[in-house]
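Whatever order the structure lists them in is the order used to number ligands and atoms, beginning at 1. Index from 1, following the sequence. Bear in mind the structure is a predicted one, so any value in this text is a computation, not a measurement.
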Amino acid sequence: MKEEKLRELLNSLSMTEKIGQLIQVPGNMLNAEGQELGVRDELGIGEELLKNVGSTLNVVGADQVRRVQEEYLKRSSAKIPLLFMADIIYGFRTVYPIPLALGCSFEPELLHRLCAATAQESVAGGAQVTFSPMGDLVRDARWGRCLESNGEDPYMNAEYVKACVEGFQEGLSEEGAGKGIASCVKHFAAYGAPEGGRDYNTVDMSERRLRQDYLPSYRAGVEAGCEMIMTSFNTVDGIPSTGNRWLMRDVLRKEWGFEGVVITDYAAIAELIAHGVAKDKKEAAYLAMEAGVDIDMCTGCYAGSLEELIKEGRLSEEQLDEAVWRILRLKNKLGLFEDPFRGADAAAEQEVFLKKEFRALAKEAAVKCSVLLENKENLLPLSSGTQTGAEKSAECMDGTAGKADKIALIGPFADRKDALGMWAIHGDRSAVVTIRQAFSETPGLDFAWTEGCEALLPEDYADLPALVERGERSYWSGEKREKEWNRAMALADGADVAVLAIGEDTVQGGEGGSRTKLTIPGDQMKLLREVRKRVSKVVVVLFAGRPLVLDEVKELADAVLLVWYPGTEGGTAIRDMLFGRCEPQGRLSMSLPRSVGQLPLYYNSFSTGRPYDGKTPNRFFSRYTDCPNTPLYPYGYGLSYHSASYGQTQLDSRTMKGQESITVWADVTNTGSRDGVETAQLYLQDVTGSVVRPVKELKAVKKVFLKAGETKRVSFVITEEMLRFYGKDMQYRAEPGLFRAGIFPDSSGKPETEFELI
Ligand code: NOJ
């Protein structure tokens, strides 16, 4: 529709029709199947308004979307198509590794590709907007939603968010719509920093830290052209984001020039009352509208109060029009006025859902995101007995080329289809390949499997009894427990190698999944201890949605492969990594702590006035007296089946003038006997500034393929822009002075090559 026509449409709308556009309701209110009924009265949305609401969430499936849209258009007086939004976070039917895992790929281009693939499935399934990516920076593993973040680094997070937005929205602006889906970047702002890692808790930090570390990812989303921003549940400097005018009007719109739609997170307007900044729904609606929120997700606040607020003159009709205009523009961009069903098409669903290419992409991603934490005496890759000479790893240690190891595959995750993480809500669980399945499909593999124990017990998850009561979970009987355990021990007794598939249960992470003990739940550690006593080679394949404390696992296991929640092709990828058909490529997107007491933990901290060298027996340093300051495994860390050495970091000039750039490089050698990929990371340190600067900051990354024995020069260009930060006067610029650079395989390196900005 031409803009002129769209204006005419806006001007023709009644107040009720306009307000309707600003309201999002759950699918049950629109008779969508599979969604609970009976919320309508609670929201207090009247008949007339309900006929004209602007959008709904998590109603998917071509047939259902078409039916709901059709019925809606029959009832609605304004005849403006309904907008279908959904939580399509890391895949639609095909599920990819969780975002925290994707952060370990250090390959934004991979995220671009899989978001574009996800968009194809979503379009066929009728979704038009996705509530993704989540740009929230995370530093505290207690928070369950680390799972949905790309990690702890501001630079990488911004790169990932940009890639996701561009991937989801690929083709969106092209004529003849139907390609791509609109991307909603969330949760604005700083939702990833709740005190104590407790979800929805207070966030409080300096504006400098907010701007320096937390805002860049959302901003990258805006610059990449995201169509929507979602507010967060938390406070920012004492003001809940959803009523925070400074955040939305000053920063988001004025400073960053965002012209798209702002939506609240679920019920966040009504939560302004619980926060204690609004006395009732009307006041909450006023605060949110004033602050610049366009869409009220699933509360009756806008529905019940906007008209009154406008009549009273506290809000103006122009304000309302502005918000409606933004929503109409988005609908128009999506081509809904020409085709209200957009790409929703049952035949297309058959064609694209779980397409071969998407499954291949899911496997590629799982390999690129899995982090090999330990590989003592190069236990991995294992011999499956079926590999050809070329496939067989030259580093295979047992020397029994071609002789199959007898494998005991044990653990609750050995054959688990729902190890996808909390947000794979539209994913096809039946399509998931488990480790057991992948092993079974491998000719010549000599293995037997059993679960051994349950993944979760009530002491690990307070709500487990309630889940059992609702029939969503069940406990094993005493008899089954004993039988499983004994079988696991018997398998271990007869095996050359034990592959233990253990980890964190899905319900322990995601939204509302905060934890204080970052342990592997249930009897799984006991299982590891007992198996260790019985088998000489123990491989742990670890499933998790967040960093766990792994000191004992590190001690006990010979090899540890952290696969996170690896998605639809997890089992295939794990098998291929274990047997050396490909090497795990992931590098940690979050530091793994030694102890929960170290949290929040991140590599780019300040040095403090009393930095500790890790050795001196003197308590008056910034240190713990019962634990080192360092993480168990640092950000950026990961092993491979090849090994590598990094030469001295060198520069083409020791001085950098104004806007000029300099080049920095290091020679990286594959010192192993397998080809492999190195993830070379450039860290810079600003030695002195008008404000304290981090001990190091990641500024660029290159993944380099190296043949066995090969050396390549890895170089980066350092620009003045990379040196900028918010100085004492809150201006974002580089300050002249001394800098240090270092190219390393992970964040534990200390930048030492000096240059000066003059
Ligand atoms: C609440 C979550 O915080 C948010 O991430 C999600 O998009 C909305 N609910 C909608 O389901």
Side-chain angles (χ1 to χ4, degrees), residues 23-30 32 34-36 39 43 53-60 83-92 98-100 115 118 122 125 127-138 143-150 157 161 164-165 168 181-194 197-201 203 217-218 221 226-236 240-242 260-272 274-275 288 293-299 301 421-427 507 509-514 545:
I23 295 165
Q24 177 161 102
V25 294
N28 60 301
M29 294 180 68
L30 301 162
Q35 308 219 352
E36 262 173 58
V39 191
L43 296 194
V53 293
S55 56
T56 185
L57 80 163
N58 289 328
V59 175
V60 295
L83 192 53
F84 290 81
M85 309 192 190
D87 286 290
I88 299 165
I89 313 292
Y90 42 98
F92 187 61
I98 55 168
L100 191 62
C115 289
T118 300
S122 310
Q128 297 156 356
V129 178
T130 174
F131 296 133
S132 182
M134 178 178 111
D136 306 324
L137 187 91
V138 286
W143 194 50
R145 300 193 82 170
C146 288
L147 179 152
E148 294 167 61
S149 168
N150 292 130
N157 277 14
V161 166
C164 290
V165 170
F168 283 131
I181 47 174
S183 163
C184 173
V185 173
K186 65 189 187 185
H187 307 85
F188 190 62
Y191 179 43
R198 205 180 75 220
D199 211 357
Y200 319 123
N201 201 11
V203 170
S217 51
Y218 313 108
C226 70
E227 295 292 342
M228 197 177 286
I229 289 279
M230 185 187 287
T231 66
S232 58
F233 288 126
N234 54 280
T235 51
V236 169
S241 302
T242 305
V261 175
V262 174
I263 188 167
T264 65
D265 199 349
Y266 210 98
I269 300 189
E271 289 176 19
L272 295 176
H275 271 297
V293 168
D294 299 324
I295 300 181
D296 176 356
M297 187 193 288
C298 299
T299 83
C301 295
M422 278 293 255
W423 260 132
I425 55 172
H426 308 295
V507 295
E511 187 173 349
S514 301

S.K.: Without swapping roles, check the side chain of K186 against the backbone of D265 for a donor-acceptor pair under 3.5 Å.
M.R.: no
S.K.: Under a 3.5 Å cutoff, is there a donor and acceptor pairing between the side chains of Y200 and E511?
M.R.: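 There is such a pair (donor and acceptor under 3.5 Å, judged by atom type) between the side chains of Y200 and E511.
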S.K.: Only counting residues at least two apart or in another chain, list the ones meeting side-chain contact (heavy atoms from CB on, under 4.5 Å) with S149.
M.R.: M134, V138, N157
S.K.: Backbone N or O of A189 within a donor-acceptor pair of the S232 side chain at under 3.5 Å?
M.R.: yes
S.K.: Taking any residue with a non-hydrogen atom under 4.0 angstrom from an atom of ligand 1, which ones do you get?
M.R.: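 Residues within 4.0 Å of ligand 1: L57, N58, D87, F131, R145, K186, H187, M230, F233, D265, Y266, M297, W423, E511.
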S.K.: Do W143 and Y191 have ring centroids that are under 6.0 Å from one another?
M.R.: yes
S.K.: Using only atom types and a distance under 3.5 Å, with no angle test, would you say the side chain of N150 pairs donor to acceptor with the backbone of P99?
M.R.: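 Between the backbone of P99 and the side chain of N150 there is a qualifying donor-acceptor contact (under 3.5 Å).
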